Amino acid sequence: MKPPRSLKERFGDSLPLSFKLRLKRVFVGAVAAALRLGVGARGSGFAGRVVALAVTHGLDFERARDVYPPAPLVEHSGATDFRSLLSAVSGRKPSGPLADRDVRASIIIPVFNKAEFTFQCLRSLVREVDFGETEVIVVNNASTDETAQVLSHFGDFVRVIDNARNLGFVDACNRGAAAAKGRHLVFLNHDKVVLPGWLEGLLETVESDPQVGAVGAMLLYPEGRIQEAGAIVWKTGEVFHYGSGK
């Protein structure tokens with residue numbers, strides 16, 4: 001005999017997914033506002049921006065205390081901020097240099113400022129990437145904020161290419177591609193957070209059929225709507241984002 005279902009379970013099952021997502025947004029927004037009030041004067045610093053971004057977007061909400069502990073930090077020099085922030089990164093370590101290995105995929109990330117985006121992107125990669133067969137290359141387009149400091153703390157996980165000036169997105173991608181060792185090139189924007197299984201799905205697709213030349217991931221907005229799940233190219237050359245807004 002099945003145990004009786006709780007009121008919460010029955011109520012949850014009766015709600016449409018769109019309504020649940022709206023409720024989540026309201027809840028996360030309220031918590032983010034409360035957290036920003038708690039951060040106080042430090043909220044304008046890098047650590048404050050990272051945690052506000054994480055909570056507002058619903059990223060790893062249950063680990064927010066690891067990202068920015070509720071206890072006040074000793075008045076910091078920046079290094080304290082990063083130690084606290086990096087405690088949220090799992091204890092995984094890269095498997096070692098890839099120089100003598102077959103690199104299956106090279107993930108290339110062009111960045112220019114917005115260090116908080118870069119931090120969240122790399123933190124998600126550290127949890128999901130198999131460093132035994134994957135390399136991560138960050139091309140820093142002469143950022144003027146804390147980007148270089150963020151990247152220095154991910155030194156064991158990423159290769160960094162520093163440009164003396166901002167070459168723009170396309171040239172940064174090309175420079176990363178020229179340095180890549182992988183059989184496949186994966187171009188990733190630094191304002192994205194990867195989800196479990198994302199890379200394996202891409203690689204399996206492109207390796208399953210020699211006629212496949214490029215694969216794109218499904219992109220989701222923070223509240224769960226689809227940005228795109230592939231694209232349709234019409235005879236006119238116009239492009240339509242498949243699934244957009246669903």
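Every value quoted in this text rests on a predicted model; they were computed, and no experiment measured them.
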Shortest non-hydrogen contact from [X] to [Y]?
| X | Y | value |
| --- | --- | --- |
| Leu188 | Lys192 | CD1-CB, 4.1 Å |
| Gly176 | Ile161 | CA-CD1, 4.2 Å |
| Glu128 | Pro196 | OE1-CA, 3.3 Å |
| Ser124 | Val194 | OG-N, 3.2 Å |

Is it the case that one hydrophobic cluster holds both [X] and [Y], taking links as side-chain heavy atoms less than 4.5 Å apart, direct or via other members?
| X | Y | value |
| --- | --- | --- |
| Leu125 | Leu220 | no |
| Phe131 | Leu203 | yes |
| Leu185 | Val103 | no |
| Tyr242 | Val233 | no |

Q: Test Val139 against Ile109 for side chain to side chain contact (heavy atoms under 4.5 Å, CB included), laying out the working first.
A: CA-CA 6 Å; Val139 183; Ile109 309 172; over 6 Å; no

Q) Do His184 and Glu207 get their side chains close enough for a donor-acceptor pair, meaning under 3.5 Å? A) yes

**Q.** Under 3.5 Å side-chain donor-acceptor pair for Glu135 and Ser106
**A.** yes

**Q.** Step-by-step side chain to side chain contact (heavy atoms under 4.5 Å, CB included) determination, Leu122 to Val136
**A.** CA-CA 9 Å; Leu122 291 177; Val136 178; 4.2 Å; yes

(Q) The test is side chain to side chain contact (heavy atoms under 4.5 Å, CB included); show your working for Thr134 and Ile107 and say whether it passes. (A) CA-CA 7 Å; Thr134 308; Ile107 301 171; 3.8 Å; yes

Q.
Determine whether Trp198 and Val186 satisfy the following criterion, side chain to side chain contact (heavy atoms under 4.5 Å, CB included), listing intermediate values before the conclusion.
A. CA-CA 11 Å; Trp198 72 285; Val186 183; 4.0 Å; yes

Would you confirm whether [X], through its side chain, and [Y], through its main-chain N or O, come within 3.5 Å as a donor-acceptor pair?
| X | Y | result |
| --- | --- | --- |
| Asn140 | Ser143 | yes |
| Arg159 | Ala179 | yes |
| Ser208 | Thr205 | yes |
| Ser244 | Glu228 | no |
| Asn141 | Leu167 | yes |
| Asn113 | Thr144 | yes |

Q) Quick check, are the ring centers of Phe119 and Phe154 under 6.0 angstrom apart? A) yes

Q. Quick one: do Asp130 and Arg104 make a salt bridge, cutoff under 4.0 Å?
A. no

Q: Give the ring-plane orientation class for Phe240 versus Trp234, where under 30° counts as parallel, over 60° as perpendicular and anything between as tilted.
A: tilted

